[in-house]
Structures are given as C-alpha cells and as structure tokens.
Amino acid sequence: MSDPESRAPDFIRTIVAEELAAGKWGGKVITRFPPEPNGYLHIGHAKALCVDFGLPLEFGGRCNLRFDDTNPTKEETEYVEAIMQDIRWLGFDWGEHLYFASDYFEQLYQWAVQLIKDGKAYVDDLTADETREHRGTLTEAGKASPYRNRSVEENLDLFARMRAGEFADGTKTLRAKIDMASPNINLRDPVMYRIRHAAHHRTGDKWCIYPMYDWAHGQSDSIEGVTHSLCSMEYEDHRPLYDWFVEQLPIHHPRQIEFARLNVTYTMMSKRKLLQLVNDGVVAGWDDPRMPTLCGLRRRGYTPESIRDFTDRVGVGKTYNLIQIELLEHCLREDLNKRAPRVMAVLRPLKVVIENYPEGKVEELDAVNNPEDAAMGTRKVPFARELWIEQADFMENPPKKYFRLAPGAEVRLRWAYIVKCTGVVKNARGEIVEVRCTYDPATLGANPTDRKIKGTIHWVAAQTARPAEIRLYDHLFVSPKPDEVEDWKSQINPNSLERVSGYVEPSLADAAPGNRYQFERTGYFCVDPDTKPGNLVFNRTVSLRDTWGKIEKQEG
RNA sequence: UGGGAGAUGGUGCAAUGGUAGCACGACUGACUCUGGAUCAGUUAAUCAAGGUUCGAAUCCUUGUCUCCCAGCCA
C-alpha cells in the first residue's frame, strides 16, 4: 500500500491541515461513518470508510461508527451486524465509539420542542401530496401551508400528541419554518418528523414519530462532537440546511464537506438494485462473489489490503468519476502476487500418458511455493505416468508462436521433466481424449544444452489428484456502465459464472475456506465456504494477466 | 429556462502564475522452468473563444458540456 506521507494530499486533507494549523477544533479531528442499516456495504462504502477513518488516523482523533437508523420501515438488525463485520474486516476500528441515531431520539425531540417554542417549527396537516404541491418547482417558489402560522401553544400540543400516538401515519408532520420561496428546495420548510406507527429495530414501539435525515444527522454529529462530517456530493444542497439546524441551537457546529462517490465499471453501487439482484435470484446472496459488496469481495478472495490500496490510488475529489475495474484488479494481483502460495491445478483436464515412464512409479518432486518470497519454502508434488494437463495447453494444429504441447513438440512440465508429444488418441467422434508423450529423464532440474524449450505448462498427476469444483467469475454486467442503460437488467452478464470440474494437487486436500492460492498460469483462487471434507470448491478471485490470450484475440 | 457543483491523456489523480507529472490501461523490447512477476521504453491530455501577463491548466470575461436537487428515503 502506498505510504500516506508520499500521497499528494487531497482537498479535504488540505482543508483540515489548514484548519488545524490555524488552531481550530482543539487540534483533533473527529469524523463519523454513518451507514443506514438497510443493506450491505459495498466497494463504494470502502472509499468512504477509508476517507472517514483515514483522516483521524493522519491528524489525530477518531472516527465514530454511527448507524443512521431513522427509518424503521427499511432497517434491520441483520444489516447492522453485517456492516460491523465488514468494517472490521476492512481493517478499521471504532473502539468504544459505536452510536445509533436512535439513541438520540429523546434529545432530538426536546430540541424540536425548543424550535417550536422559538417559532421555528410548526405542525402541518397537509398530506404528502399536498405538501408536494405546495413545495413549488425548480423554477417557481412554493406557497405556505395554511397551518404555517399556528400558535406556539397549538404546535406544542399537537407535537406532543403526535408523539403520544394520537394521529395516523401521514396525517401530520413537524416542519421547520424557513423559506418557502428559497431557490434551494431543501430550505422550503423541510419536514423534520413524520408519523410512522412501525416497530424500530432498536427502540421497538417506543416511538411513532421519526426524525428525517436532515434533522437527525447534523444534530447527531453535534452531539458526538464531530468536527468534520464527510459525505457525498449529493448532500451539497443540504449543507445550508445542515448549518441552519445546528445554528438554531446553542450547540457545537461541525463542518460538512462533500466529495465524489466511487463508481466502478461493469458493476453498480445502487443498494436498491443490488437488493433486487439478491431478491430476484440473479446472484446467490449479498455475499455472492460477483457482488461489489465487501462480503462478496471477501468471499471472492479479495484482500482488505488490496481494497485499501485501491481506494488510496483512486483519490478524493469532487469530480464525477468512473474507475476502470482493471485498477482494482491490478491492486489485487499486486498484493496476491507477493503473498499467495503457488500450486498446480487443472481446470479443464486432458489426459497425458508418458509412454516411457514406468507404470506404478511415483516421484515426489520439489516445487517452490512462491518465487517472490523464498521464505515461503518448497513442497513436494507427486509425478507419475498419467497426468492431467489443461486442454488449452495442447493443440493438434498449433498456430505460430504457440509454445505449448503439439504433435512432435516439446514442452517443460513445471517442476518436472521435458516431454515430447508422440501422438494423440481420439474417440469415435474424432475428439482428442488422450495425448501420448515421452519424457527426457535428463531434464529434471536441468535444461538441455542442444535445444531451447520455450514453453512450460502445469499439470497434476492423475492418481494423486483431488477433484475440485472451480467457479470462474466474469463481470456481473456486460456494459461498463450498466446503470446508465434504460433497462439495466438487460445488461446482466449471462456468463458471469462458469463452474468447471478440475483437479488440484494433493497438497490442497485439506485447504481451509478463505485460503488463497495462485493456480500457476491461470489465476488467483480461494477456497469457498461451500467446501466440505472431500469436496473442494474454489472461487477464481482474478485471473493472471494473459498475454497469450491477448495475442489469440488479436489474431482472430 | 431556479439553485448547487464540476470539466487535465482511454481512465483516475497531481501541478495553486514559471519544464503539464504519477498510476492503471494500451503498445514495443529484454529476461524468465508461470505467455505470471520483474526491468527498459513508447503512446497519449489542460472544454471553447477572447483578455491580463515576459509567462496561464492556474487570474478575468463570455460561452459550451456534464452531474445533483421538486421523498413524510438516506
């Protein structure tokens, strides 16, 4: 991961550094990460997490985890548990500072009463439709509700009775009295409370009125002593309201700063649409390895380090961005290249028989676990007369520049001998079912001096191989911007998951779920939790860069 | 056509009046018992037009384009 000191400071860190240098905020930075517990965290949240938690890490201070649970009809405990797990996995710690906006409901209520007393809020009887009609449009001012000038006493009485449950859902709201003619629609008497006779995941049936985001968020920030309330660009229009609410009370005033959210090609961040993918069975769940959710990426085999590195490289700005998924994959490969042990696995098996190798003989050959890290040592891999190789590593009529096995051609078997193809066996349909070879006993750990062997292929000895289910993933969507297509579901990639039955070397027999490996020459894989004793399941995390594949593509 | 924000290589981020740089991608080549990794190199950008200035991505003017806002969602 990049050194924080070497990174160019983004505009937020520049602002904070200047403020601190000027003696503001008492020299410490307090931020908050405020998820709504109505879905799972995704890669976009990872960026926000890195910004929110990264700032106090750099300047001193802390980041609170506060659940923004002000809407009981959408929120569930299942989500809060999952969100906490994902944040910890990514590597961030909120210490003792776990909060819920619902913890502040009483204080929020008391402050609302104060606003009513000050003539700055009123109870409105307009229906939702009427409220919309009164709000005006982007170009026309709104008009005042007929209830806008109720007396303080009447407002106090009505608000207390709203809380007491005397009124049905949707019949009354508490509104801030600001300016129905404001060019900023957020300031046209925004709703502060609505009536919802619904059980809340934490407060149960204690409340039947719930605060709106704008009212709850800034006041919650203030209660927690937050200095910098970092959020995405769409809240820029809300900042005047955020400021207005905290200024009406003699309380601490945090600074809201907005930055552009993360977008990545071939996926989407909409929680609503991701939920739909889950509900429609397009994916197997929130943690399906094709999902951009943190739990999906985790199951896929992504490392938290690679995700943090990615968010570092993406930067923080105010410009709309669409990051190419290749950058994420690059960060992943770079990380895994250093730490993933190498093993051999054959995804699409083709039988090879070495005619001059004794039947029944098995040799234990030495293989290096990671050429990038000698400390990872070596292991033994069994070699025998019958092997599995990759179907793609043999061609009966090879094109030029094909360095693998073909009739009459020689190839190095990784960590083993050089073999030469002597012929093939075909079935009744003319398909190749077996490749016949001879091996050169002098080439174990040594290269021949009379000829140059360009190709090396991986293999698994048939009699000691372990069968495995291997799940190969591709982008969930065929379009780089699936969100921008009218019918986004039409962009779902029908081939985003392919299951193959392959063979892995015996050292993997007891591989534990979550373990990550490089299958030499094919990619990085991790053991899926679906793995049971004797039934190995691997997910392809990401393929290796494939220069040959590129050449093939170019030449048709 | 109200308000807010933003425009730098294909993508993302820097340069805050003084040589437009870094990363990913793409393309060459070297090396290699992974067609991986690594190494070397190439490609390619300041939204437009005026103005200020010795000098402008940066300052001024005008224009263009993009995004966000009319939930009792967050």
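Note on naming: letters A, B, ... go to the chains in the order of the sequence lines (proteins, then strands), and numbering restarts at 1 for each one. Side chains included, hydrogens not; waters and symmetry mates left out as well; all remaining heavy atoms used.
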Exercise for the section: Considering only atom C1', compute the distance from B:rA57 to B:rG6 and round it to an integer number of Å. Expected result: 15 Å
Exercise for the section: Report yes or no: do A:Q256 and A:E258 form a side-chain donor-acceptor pair below 3.5 Å? Expected result: yes
Handout entry: Contacts of A:N186 that satisfy side chain to side chain donor-acceptor pair (under 3.5 Å) - sequence neighbours left out
Key = none
Problem - Distance between C1' atoms of B:rC47 and B:rU64 (Å, rounded) - result: 7 Å
Practice task
Determine the contact category for A:I323: base if any of its heavy atoms lies under 4.0 Å from a base atom, sugar-phosphate if only primed atoms, P, OP1 or OP2 are that close, otherwise nothing.
Solution key: sugar-phosphate
Handout entry: Secondary-structure stems for RNA chain B, with pairs counted as Watson-Crick or G-U when both distances are under 3.5 Å and runs at least 3 long
Key = B:2-7 with B:64-69, B:10-13 with B:21-24, B:26-30 with B:38-42, B:47-51 with B:59-63
Exercise for the section: With heavy atoms under 4.0 Å as the rule, sort A:Q518 into base, sugar-phosphate or nothing. Expected result: base
Practice task
Verify the ring-centre separation between A:Y417 and A:Y439: is it less than 6.0 angstrom?
Solution key: yes
Practice task
State which residues pass ring-ring contact (aromatic ring centres under 6.0 Å, His included) with A:H217; sequence neighbours excluded, sorted by chain then number.
Solution key: A:Y213
Practice task
Give one of base, sugar-phosphate or nothing for A:R132, where a contact means two heavy atoms less than 4.0 Å apart.
Solution key: sugar-phosphate
Problem - For A:K74, all residues meeting side chain to side chain donor-acceptor pair (under 3.5 Å), sequence neighbours excluded - result: none
Exercise for the section: For A:E372, report the nucleic acid contact type (base, sugar-phosphate, nothing); a contact means any heavy atom under 4.0 Å. Expected result: base
Exercise for the section: Would you indicate what A:D68 reaches in the nucleic acid, counting non-hydrogen atoms under 4.0 angstrom: base, sugar-phosphate, or nothing? Expected result: sugar-phosphate
Exercise for the section: Anything under 30° is parallel, anything over 60° is perpendicular, the rest tilted; go ahead and classify A:Y193 against A:Y109. Expected result: perpendicular
Exercise for the section: Select base, sugar-phosphate, or nothing to describe what A:R414 touches, counting heavy atoms under 4.0 Å on all strands. Expected result: base
Problem - Inter-nucleotide P distance (B:rA44, B:rG21), Å rounded - result: 13 Å
Exercise for the section: Tell me, please, the opening and closing nucleotides of RNA chain B, 5' to 3', among those with an atom under 4.0 angstrom from a non-hydrogen atom of chain A. Expected result: B:rG2 to B:rA74
Practice task
Using only heavy-atom distances, determine whether the side chains of A:D69 and A:S102 contain a donor-acceptor pair under 3.5 Å.
Solution key: yes
Completion exercise
Sorted by chain and number, sequence neighbours left out, ring-ring contact (aromatic ring centres under 6.0 Å, His included) with A:H201 holds for none
Practice task
Assign A:L322 to base, sugar-phosphate, or nothing according to its heavy-atom contacts below 4.0 angstrom with the strands shown.
Solution key: sugar-phosphate
Problem - Between A:R196 and A:N71, a side-chain donor and acceptor under 3.5 Å - result: no
Practice task
Please work out if A:T139 contacts a base, only the sugar-phosphate, or nothing of the nucleic acid, heavy-atom cut-off 4.0 Å.
Solution key: base
